[in-house]
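Below, read A as the first sequence line, B as the second, and so on, with proteins coming before strands; counting in each chain starts at 1.
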There are 2 protein chains.
Amino acid sequence: MEKKNSGTVGVKEIARLANVSIGTVDRVLNNRVGVSEKTKAKILKIIQELDYQPNIFARRLASKKKLRFATLIPQVSDETTYWEAPLHGIKQAANEIKDFGIEVVTFFFDQNNKESFSDSASKIAVGEFDGILMAPMFEEESIAFIELCNHKKIPLVFINSDIPGYNNLCYIGPNLYQSGYLSAHIVHYLSPVDKKTLIVNISKEIDLHHHLLRKEEGFRNYFEQHGSTNKLTKIDIRQTDYPHIKQKLSDQLKQDDYNIVFVTNSRVATVAKYFEEHKVEGIKLIGYDFLEDNIHYLRNKTIDFLICQKPQEQGYRGVMSLYYHLVLNTHIEKEQFMPIDIITRENYQYYSN
Amino acid sequence: MEKKNSGTVGVKEIARLANVSIGTVDRVLNNRVGVSEKTKAKILKIIQELDYQPNIFARRLASKKKLRFATLIPQVSDETTYWEAPLHGIKQAANEIKDFGIEVVTFFFDQNNKESFSDSASKIAVGEFDGILMAPMFEEESIAFIELCNHKKIPLVFINSDIPGYNNLCYIGPNLYQSGYLSAHIVHYLSPVDKKTLIVNISKEIDLHHHLLRKEEGFRNYFEQHGSTNKLTKIDIRQTDYPHIKQKLSDQLKQDDYNIVFVTNSRVATVAKYFEEHKVEGIKLIGYDFLEDNIHYLRNKTIDFLICQKPQEQGYRGVMSLYYHLVLNTHIEKEQFMPIDIITRENYQYYSN
DNA sequence: AATTTTTTCGTTAACGTAAACGAAAAATGA
DNA sequence: TCATTTTTCGTTTACGTTAACGAAAAAATT
């Protein structure tokens, strides 16, 4: 007794109700030109009333439209394998949407070389892409590129770090301040009163330094806000090779009896290596990122906690956001903060990046 | 100069190469009857060589095949809102795959009533479903139903708790032992030596008690394995109403000066309520699950840590597993353990269930 | 050998949308 | 007014697969 049950309202039905042809309906659906305001309004009204949802399969089958996305992230290096994860996420997303006629082309740059960033950026610029995902590590160079894209009206998503005010689609990544703040709370749990904490910053000058500073700020603010009696010391290490780090650590650890060491990035494994070699014990060690080296030291109890922010998902969601925006034109959340995951040797096996 | 570039090999091309009609090709693709071994082999060979991938859009557009999944989980009750999350995940998955011609029908039961479970199960049994997701809380009743399904060759997935040896597709849920073990480690961090910990078990007799016991086992084993000097006490509370719990807690807390209270399930909010009302301070409180009440007490610092195991994702992945198995016939991992997430008041805002 | 049954296969019309093409209608210009 | 341009719209084919229908070929039965 029902009407055509399986809620199959299509262009045909709409056309019938509006007394027009499916061609006209198609025109307003894809808002192309060539239909009078009057009939357009009429059709739109019917579409509204019917809550018409186009059949994505028929649409994809009939359409020969192709989109091309570009991604620009650091290449994986000996220095850090961090960027493997976002790349993996990007590829996963690319694979999922390739059937929808979307091609994803990956570009890379060297984290220690601003020029390599600009080079890749200009390659993308001439590549006629419909959407771009990037890790805007170098502020100046990024902004130049961003403005170019804005001018060409190409949607842009940032992952891993933000340049506030400049992203035009969304930012997907950590809330750095908050993750430092969380680390401080853990530290506080570990040593409620009168303990000595060392903050270790390992990064070359060229790295986006504010990245680490934001974490440190969150970390320090926790202690201030909680009137902690802990004593904070900070050390900056500007070379990333082991001998250098070893020397610096050695000097520093002589100066005081620290209870806790907080490393502001993924280089915590290097500190762990030092601890192991020099049989440093009784110092709790906290750092960042789910990397093979780090997990190794987490397992053998040198590292106590790792903070991790789903790097793979950042890549995945970044690409998918472009897709949602350009194909499905869904609303995209401007700031998508990743969860702040706490990894210990009891739960790392189950962690999904 | 290329051949038809966009790698569009379809049935038509295959048919041409094999000197048959597309109808015949379609028959071997969907391995239907009515094609001789010889031509079948010939076509299969060509399909292999071309690495033919059917166009899922055209397939879906032309096919009128429908599948029906049933889900059977506890209803959300005043007692606990835990099951909202898995249900939400189920609905999310249902929404994603409904365009592929799959209908998901949800059934519920009362956690305190075994009969309600059996009732719903028999409704499902007569409902001609192609796949079933369930939370097998009552062992005996579940097994009866499972055997029925096995006989009918209906794929079955379990979420939240397992009945080892009985699932026929997969189990998706927590590793209970490990999550108890992790909790113990946190406790250990909080109070390295000579502290007193109270384990609180709140659940009616009828609940799947082994659920909680597994956690407790993990918890205790940690302490044993690490030769902890902590003292463990346990209390079982068999009624879930506040007055009763209040009384029990009150009695217990008089007996000793506990440093830490570990609640083995989501009822930790009730304990927190007691703490707040009676101005209990200085006792660290750890419990389970990302529920509104719990978050409330996490925020106001009554609860210190919540362990959470992505209940929503359990529902989501459960349904998707059925889909992957039946539609795409992908390989499905037999045991899919959820991450063990540590939630504090610094990261709960970013937690995604 | 003629007939019937069974097996094997080809043809064709959907599925819902996109988009090219050209016809009709309206607007503009002289 | 008539010719020309512009706007609006209808018709039709195509996308790759499914599946119903029935024809042809092969096998089995008389």
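- For the OP1/OP2 pair of C:dG10 and a distance below 4.0 Å, the side-chain nitrogens and oxygens of B:Thr24 include at least one atom meeting the criterion.
- Between A:Tyr52 and A:Glu13, the side chains place no donor N or O within less than 3.5 Å of an acceptor N or O (distance only, hydrogens not considered).
- Taking side-chain N and O atoms only, B:Ser36 has no distance below 4.0 Å to OP1 or OP2 of C:dT7.
- Heavy atoms of B:Ile22 sit under 4.0 angstrom from at least one base atom.
- With distances taken from any side-chain atom of B:Val35 to the nucleotides D:dT11, D:dT17, C:dC9, the minimum falls on C:dC9.
- In this structure, A:Lys42 places its NZ atom where more than 12 heavy-atom neighbours from other residues, nucleotides or ligands lie under 6.0 Å away.
- Within 3.5 Å, a donor on the side chain of A:Arg27 pairs with an acceptor on the base of D:dG10, or the reverse.
- Note on ring orientation: taking the six-membered ring where Trp is involved, the planes of A:Phe57 and B:Phe57 are tilted (angle from 30° to 60°).
- Taking 4.0 angstrom as the limit, B:Thr39 places a side-chain polar atom (N or O) nearer than this to OP1 or OP2 of C:dC9.
- B:Asn30 has a side-chain polar atom (N or O) that falls below the 4.0 Å cut-off from OP1 or OP2 of D:dT18.
- Under the side chain to side chain donor-acceptor pair (under 3.5 Å) criterion, B:Glu84 pairs with no residue, sequence neighbours left out.
- One finds a side-chain N or O of A:Arg59 lying less than 4.0 angstrom from the OP1 or OP2 phosphate oxygen of C:dA18.
- Here C:dT17 is the nucleotide among C:dT17, C:dC9, D:dG16 with the atom lying nearest to any side-chain atom of A:Ala62.
- Rounded to 10°, the helix from C:dA1-D:dT30 to C:dA30-D:dT1 has 50° between the axis fitted to its first five pairs and the one fitted to its last five.
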